[in-house]
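Each remark here refers to the structure printed beneath this line.
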Amino acid sequence: MTDIDMRPPLADIQTEEDVAKLVYTFYDKVRADELLGPVFDQAIADWGPHLDIMCNFWSTMLLYSGKYKGDPMSKHLTLPIAPNHFSQWLSLFNGTVDALFQGEIADNAKARAKNIARIMQSMLGFPPGNNN
Ligand code: HEM
């Protein structure tokens, strides 16, 4: 038996619908996650607006739509989080991207997430160099 991947190639992230699919699938996993779920449940009373914000955020990051005008950094300063939350967040995010999309913009999504997570961790005073 050879180990050939028979799945059809995946498309890249191209439209607002693609962004919404990424965001909704990712937050389904986040909410079900033992480590991350409680942090989000504690902070977010109404998921509808949060998911809209996150669609606007990623559409701005990946499709340059300019829909997001907020400040992601400050929102994370008071959350009960440690470096392992970031590892888990990135692992779920990368897994979601890879399961749904393939290409330059998908790669960009993972690179942007990693970069922002690194900046957030440094703002929180976490040591650099945990394997994110
Ligand atoms: C430890 C990992 C993370 C956790 C537990 C987390 C949790 C949260 C929570 C609970 C909120 C809602 C805060 C509120 O409305 O009061 C939020 C908002 C947000 N998060 Fe994260 N987050 C994490 C990492 C990230 C990363 C890596 C990014 C970017 C790639 C990100 C982007 C955002 C954005 C854009 C918002 C919306 C801010 C706004 O309201 O304008 N988060 N996050």
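Keep in mind that what you see is a predicted model, and the values were worked out from it rather than measured. Note that ligands are numbered from 1 as they come in the structure, with each ligand's atoms numbered from 1 the same way.
For an aromatic pair to be called close, the ring centres must be under 6.0 Å apart, and F26 with W58 fails this.
Residue pairs meeting the side-chain hydrogen bond (donor to acceptor under 3.5 Å, both in side chains) criterion with at least one partner in residues 32-42, sequence neighbours excluded, are D33-Q88.
Looking at atom 10 (C) of ligand 1, its nearest protein heavy atom turns out to be A43 CB, 3.5 Å. Among all protein heavy atoms, the one lying closest to atom 6 (C) of ligand 1 is F40 CZ, 3.3 Å. The shortest contact between atom 29 (C) of ligand 1 and any protein heavy atom is with I116 CG2, 3.5 Å.
By the 4.0 Å heavy-atom criterion, H50 is counted among the residues contacting ligand 1. Distances shorter than 4.0 angstrom occur between a heavy atom of M54 and an atom of ligand 1.
Counting only distances under 2.8 Å, and ignoring water, the protein N, O or S atoms around atom 21 (Fe) of ligand 1 are H76 NE2.
At a heavy-atom cutoff of 4.0 Å, ligand 1 is contacted by no atom of F93, backbone or side chain. Residue F57 touches ligand 1 through its side chain alone, judged by heavy-atom distances below 4.0 Å.
The minimum heavy-atom distance between I13 and L63, with the atom names listed, is O-CD2, 4.4 Å. Here the closest heavy-atom approach between residue A11 and residue Q14 is recorded as CB-OE1, 4.5 Å.
Of the N or O atoms in Y68, one or more lie within a sub-3.5 Å distance of an N or O in ligand 1.
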